[in-house]
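Naming: A, B, ... by sequence-line order, numbering from 1 per chain. Scope of the values below: all heavy atoms of this structure, side chains included, with no hydrogens, waters or symmetry mates. It should be emphasised that the depicted structure is a prediction, and the values quoted were computed from it without experimental measurement.
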Amino acid sequence: MEPKLNTAWQAEQIYHFDSTASRDQVYSIDTPPPTASGSLHVGHMFSYTQTDVMARFKRMRGKKVFYPLGWDDNGLPTERRVQNYYGVRCDPTKPYEPDYSPPASPAKNQRDWDVISRQNFIELCETLTVQDEKVFEDLFTALGLSVDWRQTYRTIDDDSRAASQRAFLREVCSENAYTAEAPTLWDVTFRTAVAQAELEAKERPGAYYRYPFTDGSGNEAVIATTRPELLPACVALVAHPEDERYKPLFGKTVTSPLFGVEVPVKAHPLADPEKGSGIAMICTFGDMTDVTWWRELQLPTRALIGRDGRFQRETPEWITTAEGRTNYEQLAGKTVHSAKEAVVELLTSGGLLRAEPEKITHAVHFYEKGDKPLEVVTSRQWYIRNGGRDAQRRDQLLERGRKIDWHPGFMRSRYENWVEGLNGDWLISRQRFFGVPIPVWYPLNAAGEPDYDNPILPEESQLPVDPASQPAPGFDESQRGQPDGFMGEPDVLDTWATSSLTPQIAGKWERDPELFNKVFPFDLRPQAHDIIRTWLFSTMVRANSLHDTVPWTNTAISGWILDPDRKKMSKSKGNVVVPTEPLEQFGADAVRYWAASAKLGADTAYEVGQMKIGRRLAIKLLNASKFAFGMGVTEEHIVADDAAAQVITEPLDRALLAKLRTVVDQTTGQFENYDYARALDIMESFFWSFTDDYVELVKDRAYGAQGEAAQASVRATLATALDVLLRLFAPVLPFATDEVWRWWRHGSVHAAAWPQAAALDAVAGSPAVLDAVSEALTGLRRAKAEAKVKQRTEILSARITGPKQALGYLESALSDLGAATRARALELVSEWETAKEISISDVVLADQE
RNA sequence: GGGCCGAUAGCUCAGCUGGUUAGAGCACUGCGUUUACACCGCAGGUGUCGGGGGUUCGAGUCCCUCUCGGCCCA
């Protein structure tokens, strides 16, 4: 059933975007591009289904849905996968080889890998990711995503690189991007700068070491630090301005132990009197707080740790005492770890430790993919303004956040917390090989020194460019690296600098202005909550500076998938479920039901039970439809106008359609509010009472036992109800609903219009009839169940008592009730007006055969 | 330390703007299979709505507070 329908959907092109649509008809979705080199995860099925359900709903509501899908194949995960798969290594200084082909099989030893240019490397990435993407596409197709597969992009393809570089150049021209030599978080393993958004704090054991700085008259200021190795990089001491213990020292100088460097004592409110001894040493640089102090107190720079994570080899000139210079030689060239041991040893042997080291556990910053603590080094980097250093821009971004409808609403505070906590601009240059090159060159002066303040920019028409293999405009390749020549910017852009442009990439910004104006700003950004600080925020930043608008008007934040014990799924725990398993076992509709029954924003357990329910629901839909068609129901029986409505004569039938009218009304509202889970809940409970009660009640009539008019009434009701129900369930259960649709209708349910509540006005009666009859039905069934007889047992007689009005309703459907319960005689007794409930008594059952 | 979310049946959850006896599915128990459905149906029991205070004619729902979990940020 599923492959057959998928083929039909493709052939009928029902998910193709209608590019002739006007802007107000369009519903555009900025879908998350999955990392194609990553592994498939049930979480993919979960969140992508939630988006698809909304896409299908909007499509049926008459919107022209722009539903592209991209692949994120830019960045470190792809870089690693391509290296290992082909056995190649990238060297950006290598020239491009147009006819390069990789080794047939990768060399075992990394030293024997091919060394290739960045352009060649990118080409291999494109080749391999196309294969990886196929796996994802197959999964998403099997899942029934109504993506327009003509609208795909890859974050490393020419168009994406061009868009990323174009956006960068525009930011440079508007001064939203700039280059600066500044202290930067640095990963010593990957040897790259890292942005605030990529930080991860991890709890690590550490210790406070206490040792004294002294003034000329023998007074001691004992500082406490977790990083004693940075003592030679100390530029000042700092304490809180209100701290009485240290007030007398402010403005004076003290001398560091071991190295004999004289440093001032400063006051700053960021110094925490409760932490350590209340007075800290400021080093360039131990962490970002040091950077803040250094900047705000205008301190000198005495950097020691290099990009390789080692202490510089030459003894720094600010250490002037003979003892200090000797001591530094103990540290020169050492790693941070070894230097710490050496300094502690020197302090210990010098009797300078004022207490036993105090062991603590503290948060240490790591690059999210790294395993060594980040260092702070000074380097030249590119930045994009993001409000981290500019209150006005920050307020602007907060204001943009309030212009977006967040689903669920509370996720906006995640965004606001992040924006308010920014401590600097967005660092976008990365010292990696693979990625979108920063499209600039620098002129070299007569001495061969680069002029970073006057970068050479390409024309937009040249994009994408690779400054590592293409000469700067106006220069010849032979002038690369030569005095009075040029040099290419060696760095690449942060992957988020490209991913932040998915609306522009998918919407073909500057490539198809007509399309772009129709889809941008997008209507929806679906994504998970863990990347609000990265993807969502960075997309906001770019749309703000490039287009002076929000990138979308709605964002739907999906939760995570947890294992059934509510633990996060991860490979290391071995609790990861391969998505194809549940798809094969339960079917796509069942998996979709599970995903669609979870609210947005809620972390959800992987529940096979929910899938079983979904499977049962889909099968029930097929079977109930089969029953209706078996009763002679056809397309002609659907009530389409007021005149046709006359055929529905039975109050019970009109009661059912009245209830259905309410269901249409409510589910539409819930869907419009992005609460598809609640919509599903409402339609599902209606459907179960439809099959359990209504269908059972009207079987006798449907078989024609009560005459032609009564049969015509039920046929029209079944046809009309089914017509509406199939459309209601279509977004969640696209396969089962379309399968049934094609049994008796033309085209696809997914091209049909969403039901209108008003269309049922002419056929709706009093819903209370069905309530009363269902209650009596349940009562009579209970009587049989309590008597422990078969439900098919005849009732010779029974008495039903209740309020007069309810009995009137029963009267109007008594033949159906009698037939469904095999009752020969049902006596309706209106006992007193105050009776609230329908009750059954004096049930006389026939003997069982 | 700050922010956000959650705590409802044995389990997974729903309960929207306060309104009658708090719901669903799973699990459990009983009955049932010729006429849409055993990938099944019917019926049934199940709750200090995390604790404590308050507002109200009325609180799972609103307010305060505490406890415990989770996530994000310091």
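- Rounded to a whole Å, the CD atom of Glu684(A) is 14 Å from the P atom of A14(B).
- Smallest separation of non-hydrogen atoms from Tyr606(A) and Val608(A): CE2-CG2, 3.8 Å.
- With 3.5 Å as the limit, one finds a donor-acceptor pair spanning the side chains of Asn554(A) and His407(A).
- When heavy atoms are screened at a 4.0 angstrom cut-off, Asp692(A) is found touching the sugar-phosphate backbone but no base atom.
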Report summary line: A correct dot-bracket answer for RNA chain B, with pairs being Watson-Crick or G-U at under 3.5 Å, [ ] for crossing pairs and | for inter-strand pairs, is (((((((..((((.....[...)))).(((((.......))))).....(((((..]....)))))))))))).
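- Heavy atoms of Ser597(A) sit nowhere under 4.0 angstrom from any nucleic acid atom.
- Between Lys790(A) and U33(B) there is a side-chain polar atom (N or O) within less than 4.0 angstrom of OP1 or OP2.
- The side chain to side chain donor-acceptor pair (under 3.5 Å) test with Tyr593(A) singles out one residue from Glu684(A), Arg615(A), Lys612(A), Arg616(A), and that residue is Glu684(A).
- Within 4.0 Å (heavy atoms only), Glu416(A) reaches no atom of the nucleic acid at all.
- Only the C1' atoms considered, G41(B) is 46 Å distant from U56(B), to the nearest whole Å.
- Ala719(A) approaches Thr634(A) most closely through the heavy-atom pair CB-O, 3.9 Å.
- Each of Arg822(A) and Gln791(A) lies near RNA chain B, and the nucleotide nearest Arg822(A) is the one positioned closer to the 5' end.
- Atom CE in Met288(A) sits about 11 Å away from atom P in A74(B), given to the nearest Å.
- Put simply, the side chain of Arg592(A) gets close to the backbone of Val732(A): a donor and an acceptor are under 3.5 Å apart.
- At the phosphate of G44(B), OP1 or OP2 sits under 4.0 Å from a side-chain N or O atom of Arg782(A).
- When heavy atoms are screened at a 4.0 angstrom cut-off, Ile613(A) is found touching the sugar-phosphate backbone but no base atom.
- Among the nucleotides C71(B), C16(B), A36(B), the one closest to the side chain of Arg678(A) is C16(B).
- Residue order along RNA chain B, read from the 5' end via each residue's closest nucleotide, puts Tyr703(A) first among Ala785(A) and Tyr703(A).
- As judged by a 4.0 angstrom heavy-atom cut-off over every strand, Gln196(A) is placed among residues touching the sugar-phosphate backbone only.
- With distances taken from any side-chain atom of Arg781(A) to the nucleotides C4(B), U12(B), A43(B), the minimum falls on A43(B).
- Taking the P atoms as reference points, C5(B) lies 11 Å from C63(B), given to the whole Å.
- Within the 4.0 Å cut-off from OP1 or OP2 of A36(B), at least one side-chain nitrogen or oxygen of Lys699(A) is found.
- Atom CG of Asn623(A) is separated from atom P of G41(B) by 10 Å (rounded to the nearest Å).
- Counting only distance, with no hydrogens or angles, the side chain of Arg533(A) and the backbone of Ala197(A) share a donor-acceptor pair below 3.5 Å.
- The environment of NZ in Lys4(A) is crowded: more than 12 heavy-atom neighbours from other residues, nucleotides or ligands sit within 6.0 Å.
- Rounding to the nearest 0.5 Å places NE2 of His240(A) at 13.0 Å from NZ of Lys275(A).
- A gap of 13 Å separates the P atoms of G44(B) and G23(B), to the nearest Å.
- Using atom P as the reference point in both U34(B) and G45(B), the two lie 28 Å apart (nearest Å).
- If you look at Trp594(A) and Phe586(A), their ring centroids are not closer than 6.0 Å.
- Figure legend: Lys699(A) and Phe627(A) shown as a cation-pi pair, the cationic atom lying under 6.0 angstrom from the six-membered ring centre and within 45 degrees of its axis.
- U8(B) sits 15 Å from G60(B) when the P atoms are compared, rounded to a whole Å.
- When rounded to the nearest whole Å, the span between CG of Leu617(A) and P of C40(B) equals 12 Å.
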Query raised in the report: Taking it one step at a time, do Asp681(A) and Lys599(A) satisfy salt bridge (charged side-chain N to carboxylate O under 4.0 Å, His left out)?
Result: CA-CA 11 Å; Asp681(A) 185 51; Lys599(A) 291 188 296 189; over 6 Å; no
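- Note on Lys612(A): nothing from the nucleic acid sits closer than 4.0 angstrom, heavy atoms only.
- For the C1' atom pair drawn from G1(B) and G53(B), the interatomic distance equals 27 Å after rounding to whole Å.
- Within the nucleic acid shown, Arg615(A) comes within 4.0 Å of at least one base atom, counting heavy atoms only.
- Atom NZ in Lys599(A) sits roughly 15 Å away from atom P in U12(B) (whole-Å rounding).
- Applying the 4.0 Å criterion to OP1 and OP2 of G30(B), one finds that Lys784(A) has every side-chain N and O outside that range.
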Report task. Please test Gln706(A) against Ser815(A) for side chain to side chain donor-acceptor pair (under 3.5 Å), starting from the C-alpha separation and ending with a verdict. Result -> CA-CA 8 Å; Gln706(A) 298 177 30; Ser815(A) 55; 3.0 Å; yes
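- Salt-bridge annotation for Asp738(A) and Arg742(A): present, with a side-chain N of the basic residue lying under 4.0 Å from a carboxylate O of the acidic one.
- Picking from A43(B), A74(B), A36(B) the nucleotide with the shortest atom distance to the side chain of Lys626(A) gives A36(B).
- Comparing U12(B) with G2(B), their C1' atoms sit 32 Å apart, to the nearest whole Å.
- The side chain of Arg616(A) places no N or O atom within less than 4.0 Å of a non-bridging phosphate oxygen (OP1 or OP2) of C39(B).
- Each of C26(B), A36(B), C73(B) was ranked by its minimum atom distance to the side chain of Arg533(A); first place goes to C73(B).
- In this structure, the CD atom of Glu198(A) is 17 Å from the C1' atom of C72(B), given to the nearest Å.
- Within the nucleic acid shown, Glu786(A) has no heavy atom closer than 4.0 Å to any nucleic acid atom.
- Of all nucleotides listed (C31(B), A14(B), G2(B)), G2(B) comes nearest to the side chain of Asn417(A).
- Here the separation of G47(B) from C64(B), taken at their C1' atoms, is 26 Å to the nearest Å.
- Distance Phe46(A) CZ to U12(B) C1': 13 Å, rounded to the nearest Å.
- Of the side-chain N and O atoms in Thr604(A), none sit less than 4.0 angstrom from OP1 or OP2 of C13(B).
- Tyr694(A) places its OH atom 15 Å from the P atom of A36(B), with the value rounded to the nearest Å.
- Within residues 733-744 of chain A, no residue is approached by RNA chain B to less than 4.0 Å at the level of any non-hydrogen atom.
- Comparing A43(B), U12(B), C71(B) against the side chain of His529(A) picks out C71(B) as the nearest.
- The nucleotide whose nearest atom lies closest to any side-chain atom of Lys620(A) is, among G15(B), G25(B), A36(B), A36(B).
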